[in-house]
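Worksheet: the structure to be examined is printed underneath.
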Amino acid sequence: MRVSGGCLCRAIRFEGDAEPQFQVTCYCIDCRKTSGAGHAAMMGFEEGAIRITPGAREFASQADSGNDLVRAFCPACGSGIYSRTAGMPHLIFLRASVLDDPALFTPQLAVWAARAPAWDPVPGHLPAFAGAPASDQSGRG
Ligand SMILES: [Zn+2]
Ligand SMILES: [Zn+2]
């Protein structure tokens, strides 16, 4: 698919022509805090398939899985752009929230569903893991 998007102020843009390998919503605490909603929506693409304007600010943290995780956002307007996890180093996860056409995103899976707040429930039709797939369930993904 042809994918494009970018932040609110348009300083950071991305584009590519690739098929997403992984489409997921995550309700972990860290994703909730950085998303501005109850969950983050992410599309994983092969690293290198997406061209991104340089200059996004990166914030690193450690998930309870032990994997280092980097979330990138626009330093001017704060929009979340992408993330990377050491657990899947060949993928870059674009935030579906900053797609030009949000209809391109088709969630396949919800993770950390046990953390979903009552005001942002996991859709009933979506396969869901209570925690991280094949990991512990201590609260942050
Ligand atoms: Zn911006
Ligand atoms: Zn998460």
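The basis for the numbers below is simple: all heavy atoms, side chains too, and nothing from hydrogens, waters or symmetry mates. Counting starts at 1 for both ligands and their atoms, in listed order.
For CG of Leu126, the number of neighbouring non-hydrogen atoms (other residues, nucleotides, ligands) closer than 6.0 Å is greater than 12. No more than 12 heavy-atom neighbours from other residues, nucleotides or ligands sit within 6.0 angstrom of CZ on Arg10. More than 12 heavy atoms of other residues, nucleotides or ligands shown are found within 6.0 angstrom of CZ on Phe22.
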Discussion item. Assess the residue pair Asp120 and Arg32 against the criterion (side-chain contact (heavy atoms from CB on, under 4.5 Å)); give the C-alpha distance rounded to whole Å, side-chain angles, the decisive distance to 0.1 Å, and a yes or no.
Written reply: CA-CA 10 Å; Asp120 189 12; Arg32 172 168 57 80; over 6 Å; no

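With the Zn ion (ligand 2) as the vertex, SG of Cys26 and SG of Cys28 span 110° to the nearest 10°.
Between Asp100 and Arg13 there is a salt bridge, since at least one side-chain N of the basic residue sits less than 4.0 Å from a carboxylate O of the acidic one.
If you count the protein N, O or S atoms nearer to the Zn ion (ligand 1) than 2.8 Å, you get 4.
Placement of Ile81 and Phe45 within a single hydrophobic cluster is found when ILVMFWY residues are connected by side-chain heavy-atom separations under 4.5 Å, directly or transitively.
Within the 2.8 Å limit, Cys31 places at least one N, O or S atom next to the Zn ion (ligand 2).
In this structure, Val70 shares a hydrophobic cluster with no other residue, the cluster being traced through Ile, Leu, Val, Met, Phe, Trp and Tyr side chains under 4.5 angstrom apart.
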